[in-house]
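The first residue in the sequence is number 1, and the count goes up from there.
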Amino acid sequence: MPRCRKRIVCKEPDVKVFIPQQNDNSEMLIMTVDEYESIRLIDLEGFSQEECANKLGVARTTAQLIYNNARGKIAKALVLGKGLQIEGGNYVLCDGSPHCKKCHLTKSYLNQRQLQEKENGIMRIAVPYDNEEVFQHFGRTENFKVYEIENNQVISSEVISSNGQGHGALAGVLAINQIDVLICGGIGGGAQMALAEAGIELCAGATGNVDKAVSSYLAGTLVNTGSNCNHHHHEDRHTCGDHGCGNHGCEKH
């Protein structure tokens, strides 16, 4: 049975209930928050349906269905004099991460939040996860194991879902979860670019147990091979964590 992806929503509506003035007891139609977001993106912001799909993190056909459902509810509310209430839906709220262009959250807010995290000395590392091992195809991973690091020590860990996303779109999932570093096996060029745009440090080519990979990173002994998913070549080999990576000071090579 296919999983239903959570839609990425930049902002919940400020006003959620609309009632006809001449008919206070009218039937209420329910518009989901992701349906509202499709209206905001296409009709207000001027995005195309393809761009809307990318923002929501779904296929174009799914975005078109979401948008058509929303427009149908608006039409019924206007023509038939029904009320409209915006609530519910299968969505996750965006936090203004770099993958989200033209987000409602300002850069100053994000910079302040990130600065506070740095001052607190907390770093978050994600690893594609499958049965305690580093899953070797980043673009197809279903889960990440996320570690919180303080003073170069693991203080907590949890497994999170990729929400059905794949390839470059996974950079958005990681950014939403405030990931600083990705340790992975194979990864394609497009995903590497998306990670770079999101400001996420990459250490590729890891294999074996996920906990051991993170320990090696923190010890400065984990080698970054720059591995592509096809594993045809390894480029720019260098050791992750040996030049301040564990303290947010990693220089890109």
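No option in I179, N177, L170 other than L170 meets the side chain to side chain contact (heavy atoms under 4.5 Å, CB included) test with F144.
Tracing side-chain contacts under 4.5 Å through hydrophobic residues (I, L, V, M, F, W, Y), one never reaches F135 starting from L202; they form parts of separate clusters. Residues V159 and V214 share a single hydrophobic cluster, defined by chaining ILVMFWY side chains whose heavy atoms lie under 4.5 Å apart. Residues F47 and L65 do not share a hydrophobic cluster, defined by chaining ILVMFWY side chains whose heavy atoms lie under 4.5 Å apart.
In this structure, the side chain of D130 does not engage the main chain of E133 through any donor-acceptor pair within 3.5 Å. Side-chain N or O atoms of Q192 include one that pairs as donor or acceptor with a backbone N or O of I187 at under 3.5 Å. A distance-only check finds no donor-acceptor pair linking the side chain of D180 to the backbone of M123 [under 3.5 Å]. Looking at N90, its side chain never comes within 3.5 Å of a backbone N or O of R7 through a donor-acceptor pair. Under a 3.5 Å cut-off, the side chain of T62 and the backbone N or O of V58 do not form any donor-acceptor pair. Under a 3.5 Å cut-off, the side chain of E35 and the backbone N or O of T32 do form a donor-acceptor pair. A side-chain donor-acceptor contact under 3.5 Å links S162 to the backbone of E142. No donor-acceptor pair under 3.5 Å is formed between the side chain of E201 and the backbone N or O of G199.
Annotation: side chain of I8 is in contact with side chain of I176 (closest heavy-atom distance under 4.5 Å). Looking at heavy atoms from C-beta onward, E37 lies out of side-chain contact with Y91 at the 4.5 angstrom threshold. In this structure, the side chains of V210 and Y147 come closer than 4.5 Å at one or more pairs of heavy atoms. Using a 4.5 Å heavy-atom threshold, the side chains of T207 and V134 count as separate. Contact of the I125 side chain with the L218 side chain is registered, since non-hydrogen atoms from C-beta on lie closer than 4.5 Å. Considering only heavy atoms from C-beta on, P128 comes within 4.5 Å of L182 through its side chain. In this structure the side chain of I39 reaches within 4.5 angstrom of the side chain of I74, judged on heavy atoms. The side-chain heavy atoms of I149 and V154, taken from C-beta on, include a pair separated by under 4.5 Å.
A salt bridge does not link E158 with K145: none of the charged nitrogens is closer than 4.0 Å to a carboxylate oxygen. With salt bridges taken as basic N to acidic carboxylate O contacts below 4.0 Å, none links K6 and D34.
In terms of the salt bridge (charged side-chain N to carboxylate O under 4.0 Å, His left out) criterion, E12 has no residue partners (sequence neighbours excluded).
In this structure, the separation between SG on C52 and OH on Y67 is 9.0 Å, given to the nearest 0.5 Å.
Among residue pairs with one or both ends in residues 74-94, those qualifying as salt bridge (charged side-chain N to carboxylate O under 4.0 Å, His left out) are E27-K82; sequence neighbours excluded.
Counting non-hydrogen atoms of neighbouring residues, nucleotides and ligands closer than 6.0 angstrom, the CE atom of M28 exceeds 12 such neighbours.
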